[in-house]
Protein chains: 2
Amino acid sequence: MIPTIKDVARKANVSTATVSRILNELPGYSEKTKEKVLKAIEELGYQPNAIARGLVSKRTKTLGVLFPNVSSIFASEILNGIEDTAHEQDHSVIVCNTDSNGVRTMKYLQVLNEKRVDGIIFTSEVLKKEYYDALVEMNIPIVLVSTASYRYPLPFVKVDDKHAAYSATEYLIKNGHKKIAMISGTKDDSIAGTPRVEGYIQALKDNNLSYENRRIVYGIDFGYKTGVMCMEELLKKAPDFTAVFAASDEIAIGALSVAYKEGIKVPDDLSIIGYDNLKVAEMSIPPLTTVAQPLYEMGKIATNMLFSMIKNGNTAESRIIQHRIVERQSVKNIQ
Amino acid sequence: MIPTIKDVARKANVSTATVSRILNELPGYSEKTKEKVLKAIEELGYQPNAIARGLVSKRTKTLGVLFPNVSSIFASEILNGIEDTAHEQDHSVIVCNTDSNGVRTMKYLQVLNEKRVDGIIFTSEVLKKEYYDALVEMNIPIVLVSTASYRYPLPFVKVDDKHAAYSATEYLIKNGHKKIAMISGTKDDSIAGTPRVEGYIQALKDNNLSYENRRIVYGIDFGYKTGVMCMEELLKKAPDFTAVFAASDEIAIGALSVAYKEGIKVPDDLSIIGYDNLKVAEMSIPPLTTVAQPLYEMGKIATNMLFSMIKNGNTAESRIIQHRIVERQSVKNIQ
DNA sequence: ATGAAAGCGCTAACAG
DNA sequence: CTGTTAGCGCTTTCAT
């Protein structure tokens, strides 16, 4: 059988309390007994039962993380940052793949509550009222990543999407482009959808370029296929553009493929700028110029915020993370 | 405060035992009391404490999964399959990012043991003796994914790497290629390294093509940069090949980039076949022909195996998963 | 059909 | 410095 603290105590001729003290580095024992106990632990191959510990201490040293899609490159970079930071602090992370499904999300929230995780990181999705209510009910720290809520007071970690889109568009303008199209992702996404479109329009206006409705096209998500379809649509609808701002790298790469197939040379005939700076951005042909969100970093920051909330019981300040343009080879200066 | 089973019992005027029975759908209560109890649960917003449950039942309904690198596209597709299946069966998954680091891996194994997970999935890495020993010590079901061990009797789920490499090479040969180079990943990897090289060599031999040492080059991993470096090396060392078999899609894409930069047209001047069939394979320019490993599927299969082991207490049969060639546009028939 | 009570393995007063 | 003991929230005999 698996040895318990009792077995250790018996073997070392001390009480379980003493073993517990030694295990938790609490004061109250001599070097001598410590050695005795450590020896017993060693010999028995004893490992404390974290479940029992969790029951009494009410701290499970585990975090819950929700993603709409764990297998997206986007999510996995954030996860990497979260996991690394959690591990540094001796915590585990339970991943939840919500599939952007309300029922499934609620189910996960319930499970995380039942498993008494110490904190939750909610990523990349609009926070619905029912999620918020469930979250509040749980009464544990929450941090939002790559999403935010202006209705509910939860701390978030994200870039300023409008600003980042503005920067991307402006970058194109500075490179001499005047006819700039945009491929947006989901149309009514209040986090990654509308703000980026607004940033794009704002940049055009501020530079006295006319904004034309036909130059912007919407997809159903932020994936590669959306990029392909939207690019085709754009080419059909309004082919007179010299640059396109894609709302994600995957969209940009989809657009790139279409351009390639149509014999349009990037960046000679057409410039493309992406959004995210995923690892694939540097792997594309040509390497993609894009506005970078430091995803790994964002995961780290959010997790550290969560830990500070867990420790101090306070709430953390939201963090707007700086984006930056990563210049590669998909944009040409045409002036 | 968070309501406990006691609160429910009190409110419903029954014992905690009865509440427990109802919660667990065990026999022994009338419809009437069931309703009373359900009502109390509802009103209190009671959610059972999985930690307390785990302590007595010795089942935590959580699985541990170890990856050398969670943020790789490769890993995240497997994770997706695992998570989906676990969720179907009402289990959670704790992800561990070992970084291919022995110390870190051992640490995770310890944590998973302390947290009393019900089973473990170990992926993509050679199983060292110390891991195996720790695993055995834990006395819980284990399944290996995308790796295997011939020294230790653990069930695995993987494709036949040698066979898959053979198929890829043969595909090139059938398309008229005679001078075929190979970019391998890690040299001494007994799982994803050597077997693929062997498959490549075997295919050449079986087709009476000479195997030339200079046509095979090794990297330090299976990543994009390795692809870039190895392709450059290959071009320098032995430029007289018409096709290359890359040991991973990322390597293939790295090779593709170099070809592009050097003005070598794929597939007109050079054919490239990859390995894995990651999502990026269809996003590349041109879309990459590759040998597919059904990663999501493998994650699912492994998880189901794990569940069957957990339930029946037996061990499962290892599964060799069929690979297949996915024809896209990076290979040209030149005969 | 239902309840009382004994733990699961651990921590945390409290006493000494 | 060390031990005793009362839980943490639940499941599970064993009675009734």
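Hydrogens, waters and symmetry mates are skipped; everything else that's a heavy atom, side chains included, is used. Throughout, protein chains are lettered first and strands after them, A, B, ... in sequence-line order, and every chain is numbered starting at 1.
In the displayed structure, A:R104 atom CZ is contacted under 6.0 Å by more than 12 heavy atoms of other residues, nucleotides or ligands. Counted within 6.0 Å of CG on B:N314, heavy atoms from surrounding residues, nucleotides or ligands total more than 12; the atom is thus considered enclosed.
In this structure, A:S20 reaches the C:dT11 phosphate: one of its side-chain N or O atoms is under 4.0 Å from OP1 or OP2. The side chain of B:S15 contributes an N or O atom lying less than 4.0 Å from OP1 or OP2 of C:dG3.
Closest to the side chain of A:T16, from the set C:dT11, D:dG9, D:dC10, is C:dT11. Distance from the side chain of B:V14 is smallest for C:dG3 among the nucleotides C:dA12, C:dG3, D:dT11. With distances taken from any side-chain atom of A:K58 to the nucleotides D:dG9, C:dC14, C:dT2, the minimum falls on D:dG9. With distances taken from any side-chain atom of A:N24 to the nucleotides C:dT2, C:dT11, C:dG9, the minimum falls on C:dT11. With D:dG9, D:dT4, D:dC10 as the choices, the nucleotide that has an atom nearest any side-chain atom of B:I5 turns out to be D:dC10. Of all nucleotides listed (D:dT5, D:dT11, C:dT2), C:dT2 comes nearest to the side chain of B:T33. Distances were taken from every side-chain heavy atom of B:A52 (C-beta onward) to each of C:dT11, D:dG9, C:dT2; the shortest belongs to D:dG9. If you check C:dC8, D:dC1, D:dG9 against the side chain of A:S30, the one that comes closest is D:dC1.
The base of C:dG9 is not paired with the side chain of B:R116 by any donor and acceptor separated by under 3.5 Å.
Taking atom CD of B:E114 as the reference point, atom C1' of C:dG9 lies 13 Å away to the nearest angstrom. A straight line from CD1 of A:I22 to C1' of D:dG3 spans 13 Å, rounded to a whole angstrom. Rounded to an integer number of Å, the gap from A:M1 CE to C:dC8 C1' is 11 Å. Rounded to whole Å, the distance from CG on A:N49 to C1' on D:dG9 is 14 Å. Between the NZ atom of B:K36 and the P atom of C:dA1 there is a distance of 14 Å, given to the nearest Å. Following rounding to the nearest Å, A:D7 (CG) and C:dC10 (P) show an atom-to-atom distance of 9 Å. Per the geometry, CG belonging to A:N13 stands 13 Å off C1' belonging to D:dG3, to the nearest Å. We find that CZ of B:R21 is positioned 6 Å from C1' of C:dT2, with the value rounded to whole Å.
Among all heavy-atom pairs drawn from B:I321 and B:M298, the shortest one is CG1-CG, 3.9 Å. B:K279 and A:S71 make their closest contact through NZ-O, 3.1 Å (heavy atoms, listed as atom of the first residue, atom of the second, distance). Closest of all the heavy-atom pairs between B:V143 and B:M305 is CG1-CE, 4.0 Å. Across all non-hydrogen atoms, the minimal contact from B:T186 to B:F222 is OG1-CE1, 3.4 Å.
Residue contacts shown for B:P27 are absent, as no nucleic acid heavy atom lies under 4.0 Å away.
Comparing B:A17 and B:I2 along DNA chain D, the residue whose closest nucleotide (by nearest heavy atom) sits nearer the 5' end is B:I2. Toward the 5' end of DNA chain C, the nearer of the two residues B:T18 and B:V56, judged by each one's closest nucleotide, is B:T18.
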